[in-house]
Amino acid sequence: MNTGKYDFIKIEQKWQNEWFENKIYEAQKEKNKKFFIHFAYPGVSGYLHIGHMRGFTYCDIFARYKRMTGYNVLFPAGFHASGIPSIGFAKKVERKDPHTIKILKEYGCNDELINKLKDPNEVVNYFSKIYVDDYWKKFGLLIDYSRIMSTISIGYKKFITWQFLKLKENNLLIKKPHFAPYCPNCGPVAVDKSETDISKGGNAEILEFTIIKFEMDDGTILPAATLRPETIYGITNMWVNPDVEYTKIKINDEIWIISIEGAKKLSFQLDNITILNEKILGKELLGKKCKIPLLNREVPILSGHFADPNVATGIVMSVPSHAPYDYIALIESKEEIEPITIIEVKELGCIPAKQVCEELKINNQNEIEKLDNATEIVYKKEFHTGYLNEKCGKYVGIKVSDIKDKVKNELISNNKANIMKEFSEEVICRCSGTVIIKKIPDQWFIKYSDYTLTSNSKKHVEKMNIYPQEYKQELPGILDWYDDRACIRKGSWLGTEFPFKKDWIIEPISDSTLYPAYYIISKYVNENKISTDEMNEEFFDYIFLNKGKSKDSIWDKIKSDFEYWYPVDINLGGKEHKTVHFPVFLMNHVAILPYERYPKGIFTHWWITQKNKEKISKSKGGVEHISEAAIKYGIDSMRLYYSHIGSTYIDIEWDSESVIKYKNRIENIFKLYNKLMKINDKRNVNLDNWLISSLNRRIKIINESLNNFDLRIASNEIFFEINKDILWYLKRGGANQEILLKLLKKWSIMMTPITPHLSEELWYLLQQNKFISEKQFPQFKSNDIYENEEIGEFLISKLIDDANEIIKVTKIKPKKIFIYVSPEWKKIILKKSLRLYIENDFNLGKFIKDLMSDFELKKNSKKVLKYVNKIQTEIKKFNVLDQKRYLKDFNSYNYLIDSKDYLEKIFKCNIEIFKGDNENIYDPEERSKFAVPLRPAIYIQ
RNA sequence: GCAGGGGUACCCGAGUGGUCAAAGGGGCAGGGCUUAGGACCCUGUGACGUAGGUCUUCGAGCGUUCGAAUCGCUCCUCCUGCACCA
């Protein structure tokens with residue numbers, strides 16, 4: 001028998017074995033109420049960290065709670081194996097990336113296994129097993145393991161193929177040109193922070209430059225690149241870099257002069273480009289002139305060293321009034337050219353760039369940091385508060401923030417400009433080549449911009465349960481903002497072949513939208529009850545859309561499963577999914593399935609971060625591995641930590657010290673539990689009733705908060721407040737064994753969703769039987785409320801607070817304490833006035849007149865008036881609970897007499913209690929007059 | 001640029017109009033307990049106060065209100081996502 005030491009490793013292992021051997025996780029459809037919850041399945045990208053466990057754990061807690069409140073729960077899981085991650089991992093193994101190899105070895109992989117992991121499919125197999133055995137099962141998750149699936153399995157691919165047939169059928173697949181990152185050596189690459197494909201530039205954004213065609217005297221075109229086409233009205237000159245070699249290119253019938261780098265990039269974006277073998281040094285262009293399109297004003301070409309051949313065309317148009325770089329270069333050139341101001345903006349004077357450059361004390365073109373800063377200041381101010389002035393012709397008076405596309409479009413439609421896409425910073429491929437942006441003329445997209453699809457989705461959002469509440473407000477805006485998404489890619493990644501274009505693979509966001517539906521089927525595939533050969537369009541149409549005829553009894557079985565379990569009640573995922581996965585999850589359901597199958601809820605949680613709110617990443621030192629943490633802290637400690645440390649929707653900085661505190665908490669509960677089981681029986685009606693009542697109130701709060709998916713409140717009540725109530729009960733001398741055992745039973749059941757292993761153990765100690773996980777969650781019972789005792793204990797605790805404060809302030813060491821209960825008449829007056837106030841009928845004058853008609857009160861009119869005066873403002877501040885307390889008939893004197901022993905013990909002195917109505921009492925300092933209902937007067941000697 | 005979320009005491013973090021000098025946890029201080037452990041229990045922890053009180057505080061400022069951490073406006077500041085990463 002256990003003596004109080006809680007061996008969490010042994011206990012957690014024991015109960016996990018019991019659960020999984022008995023398969024208590026399998027979803028059964030035997031009751032009427034069902035609940036389908038799942039988390040956004042993880043990408044297979046390597047070992048996960050303790051941050052990932054946060055969401056998985058939440059999902060399990062909700063699933064367990066629902067299971068214990070009469071729902072039949074389906075909680076499946078799978079792996080998102082498509083896309084780049086597993087290929088990236090395999091590539092790292094192949095090129096013997098030292099960090100990757102080191103980690104694999106740390107996890108105990110031998111050379112043979114490591115060698116196998118050069119194959120991305122093996123990577124998926126290996127990690128799938130790790131996720132199930134070392135993460136999910138280790139954390140006690142009651143996932144329905146009979147439904148595990150992966151997105152690169154044959155069955156899943158059949159399902160995705162079907163999804164795309166349906167999208168096409170609904171006119172939601174379209175073709176149009178697209179610009180995508182591309183390496184001339186390796187093909188398409190992903191530019192993202194994980195830098196799987198690239199070695200530099202993961203933070204690069206794709207910018208859209210307008211290339212404006214300036215014609216020189218000989219008809220050659222000087223293409224200047226700008227992000228602010230509206231500023232053409234303020235151009236005073238052009239900048240070319242005198243030391244850079246430019247080249248001529250032929251585009252259709254035009255000859256352009258452009259940097260060599262720019263020419264190469266542009267050749268991936270525009271048709272009919274020929275790079276001519278005619279090079280020109282920048283110097284040779286100086287002094288020549290060219291014409292501003294639309295305006296036909298001539299401007300000179302000047303020398304600007306800051307013109308970078310690697311940025312766009314390498315040729316810059318100069319707007320010195322509004323661009324600090326141009327302004328400083330102009331000053332340095334010593335040319336007699338006046339800046340032309342075309343934007344009126346408050347605070348920045350008549351030449352904004354000049355003013356800001358002077359404020360920042362910028363003297364030359366080399367002060368790049370300051371110049372960038374100045375550019376940002378000018379641009380922001382102008383963008384938000386600027387208006388185009390009279391120099392801008394027909395655009396006069398338009399806000400800068402509204403103008404951009406207008407000028408751009410006018411230029412383009414007059415064939416005076418082109419668009420060029422360019423990275424905001426250099427991006428280098430793994431092969432060390434420069435990544436460029438390539439135009440794909442006929443890229444396939446899912447048409448998320450579709451009006452009907454968007455508005456139906458938005459309409460449905462109103463009916464959904466979305467947590468946190470803020471996300472529900474945000475989601476319609478995201479659905480509007482969400483544009484068409486390129487859905488296929490040619491190149492190396494895993495996934496389903498696109499049915500309408502050979503050798504192109506569906507990209508991973510698009511193949512993970514409708515997938516909860518596949519969990520219904522995966523069980524039958526896993527159990528070999530259906531062959532994937534059978535799973536064609538006809539099959540899926542029958543199961544999901546109720547179209548066509550059944551070809552086999554198993555089809556009907558699957559279909560009835562689908563109709564029972566679908567739709568999804570909660571899809572749970574991290575905040576990173578808010579603007580990507582959740583919108584497409586919703587929209588694909590709306591696009592393909594009938595209304596009854598639209599998802600019912602979404603829950604988003606925030607992250608575990610490293611110190612300083614940094615995203616957890618192995619390269620930055622990372623944090624503990626999941627399996628290490630499991631042994632160091634225990635699973636239940638971590639589950640409690642995730643639930644209680646903060647709301648589900650804030651980021652938490654990982655802090656192992658805190659987890660240890662939760663570990664202690666669990667051990668203490670275990671000890672307390674053992675102590676209570678053995679307590680010597682003693683009755684005290686007041687305390688016993690109070691404990692029952694208090695627990696019952698908490699049961700109500702706990703159920704309410706769990707039904708709102710508010711883990712923070714629930715875990716606080718279960719693991720802290722109930723604990724505190726028990727300690728108060730014991731301290732006050734409560735020891736009713738029958739009641740305590742009942743409480744322990746309910747308490748351990750309520751702990752189960754959050755700390756299931758501890759609960760099973762406690763349950764076994766208490767009941768000698770198994771599976772608290774399958775018990776019914778306690779519910780509020782209106783009979784189990786004892787208001788009298790609640791008021792009584794409130795009175796006692798307030799009295800102790802007051803007495804302590806007096807002791808503290810006066811520094812008296814009490815020899816004897818006298819307590820004077822409020823006289824009856826004060827109670828009567830308070831109740832009367834409170835009732836009137838609640839009925840909105842409190843009139844001071846009338847009230848006093850009424851009181852004075854009472855002979856007894858009239859005798860004491862001075863005291864009465866003083867008291868009435870005091871309470872007339874006080875009663876306004878009462879809350880509902882206060883009101884209830886004061887309206888109830890409660891005998892403070894009797895309650896205090898019953899608690900006298902306890903008070904004497906606390907204050908370590910004799911205590912005497914007087915009724916306030918008695919005339920001849922010991923009251924040397926005349927304290928008794930301060931007594932009011934529920935707040936006795938105190939005199940300390 | 002577009003969109004979203006924050007700033008609460010020594011720290012983490014609840015709190016969205018009165019129950020708030022502000023839950024809970026931690027830290028710190030004092031005390032207790034102990035088969036000595038990251039243990040546990042009690043008290044205190046904005047300031048002042050020899051009687052249960054008073055005063056000041058929730059990023060800054062202004063405003064709405066009988067009443068503001070909470071509502072509005074302006075500002076400062078931090079963070080997050082953004083389409084071929086999932």
Side-chain angles (χ1 to χ4, degrees), chain A residues 40-45 80 82-85 88 178 180-182 188-197 202 205-207 227 379-380 383 401 404 440 443 445 448 468 470-471 473-474 477-478 481-491 493 507-509 512 573-581 584 606-607 609 613 615 644-647 649-653 655 657-658 660-665 667-668 671-672 712-713 715-716 719-721 724 727 731 798-799 801-812 876-882 906 925 927 930 935 937-940:
Chain A
Y41 50 15
V44 183
S45 60
H80 196 190
S82 18
I84 289 178
H178 183 56
Y182 184 85
V189 294
V191 173
D192 68 86
K193 285 172 194 121
S194 71
E195 300 196 337
T196 303
D197 286 353
E205 288 176 53
I206 296 180
L207 304 175
L227 294 167
Y379 187 66
K380 268 201 176 147
F383 187 82
S401 52
K404 193 182 257 173
I440 300 160
Q443 170 71 44
F445 288 79
Y448 290 117
E470 287 80 357
Y471 182 47
Q473 319 295 331
E474 201 184 334
I478 294 170
W481 162 85
Y482 210 99
D483 206 349
D484 301 338
R485 175 159 182 121
C487 62
I488 58 173
R489 162 172 165 168
K490 195 178 174 183
W493 68 9
E507 67 84 31
I509 294 296
S512 57
K575 65 173 179 180
E576 72 278 17
H577 294 303
K578 285 201 297 177
T579 51
V580 188
H581 170 248
V584 295
W606 269 230
W607 297 337
T609 66
K613 302 275 178 205
K615 213 169 169 172
H644 186 259
I645 189 76
S647 310
Y649 50 90
I650 62 156
D651 288 332
I652 300 295
E653 280 184 30
D655 172 17
E657 302 272 307
S658 302
I660 287 171
K661 301 300 168 196
Y662 286 102
K663 182 168 171 280
N664 291 339
R665 168 69 48 172
E667 282 167 6
N668 292 336
K671 281 185 205 158
L672 177 63
R712 170 100 190 164
I713 291 178
S715 57
N716 199 245
F719 293 89
F720 295 88
E721 300 299 333
K724 224 159 55 176
L727 294 180
K731 203 161 79 176
K798 283 284 166 210
L799 179 71
D801 286 351
D802 277 351
N804 273 331
E805 171 126 12
I806 295 167
I807 292 166
K808 184 189 150 201
V809 172
T810 59
K811 301 186 181 81
I812 294 172
K876 290 181 193 162
K877 291 184 188 166
F878 288 165
N879 61 42
V880 185
L881 203 73
D882 289 332
I906 291 280
E925 300 263 327
R927 294 284 157 200
F930 295 116
R935 199 146 189 220
I938 301 166
Y939 171 57
I940 301 178

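Atom set for the values below is all heavy atoms of this structure, side chains included, hydrogens, waters and symmetry mates excluded. Quick note on labels: first sequence line is chain A, next is B, and so on, each numbered from 1.
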Salt bridge A/Glu667-A/Lys663, side-chain N to carboxylate O under 4.0 Å: yes

[X]: which residues meet the side chain to side chain donor-acceptor pair (under 3.5 Å) condition with it, sequence neighbours left out?
X        : answer
A/Tyr448 : A/Asn588
A/Trp607 : A/Glu576
A/Ser658 : A/Asp655
A/Arg485 : A/Glu507

From B/rG4, B/rC84, B/rA23, nucleotide with atom closest to A/Ala190 side chain: B/rC84

Selected nucleotide, minimal atom distance to A/Asn668 side chain, candidates B/rA86, B/rC84, B/rA39: B/rA39

B/S/- contact track for nucleotides 14-19 of chain B, protein heavy atom under 4.0 Å: S---SB

Base versus backbone protein contacts along nucleotides 42-59 of chain B [heavy-atom cut-off under 4.0 Å; B, S, -]: ---S---BSBBB------

Spacing of the P atoms in B/rC40 and B/rU74 (rounded, Å): 49 Å

Distance-only donor-acceptor test, A/Lys663 side-chain atoms vs B/rG38 base atoms, 3.5 Å: yes

Quiz item: A/Gln443 side-chain donor-acceptor pair to B/rC84 base, under 3.5 Å: yes

Partner residues of A/Glu805 under the side-chain contact (heavy atoms from CB on, under 4.5 Å) criterion, sequence neighbours left out: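 For A/Glu805, the residues satisfying side-chain contact (heavy atoms from CB on, under 4.5 Å) (neighbours in sequence not counted) are A/Val809.
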
Qualifying residues under salt bridge (Lys or Arg N to Asp or Glu O under 4.0 Å), relative to A/Asp802, sequence neighbours excluded: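 Scan of A/Asp802 (salt bridge (Lys or Arg N to Asp or Glu O under 4.0 Å), adjacent residues dropped) gives A/Arg935.
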
Salt bridge (Lys or Arg N to Asp or Glu O under 4.0 Å) against A/Arg665, all qualifying residues, sequence neighbours excluded: none

All ring pair (Phe, Tyr, Trp, His ring centres under 6.0 Å) counterparts of A/Phe720, not counting sequence neighbours: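 A/Phe720 satisfies ring pair (Phe, Tyr, Trp, His ring centres under 6.0 Å) with A/His644 once adjacent residues are dropped.
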
Residue list, ring pair (Phe, Tyr, Trp, His ring centres under 6.0 Å) with A/Tyr471, at least two apart or on another chain: none

Table of protein N/O atoms under 3.5 Å from nucleotides 25-36 of chain B N/O atoms:
residue: B/rG27; atom: OP1; partner: A/Lys661; partner atom: NZ; Å: 3.2

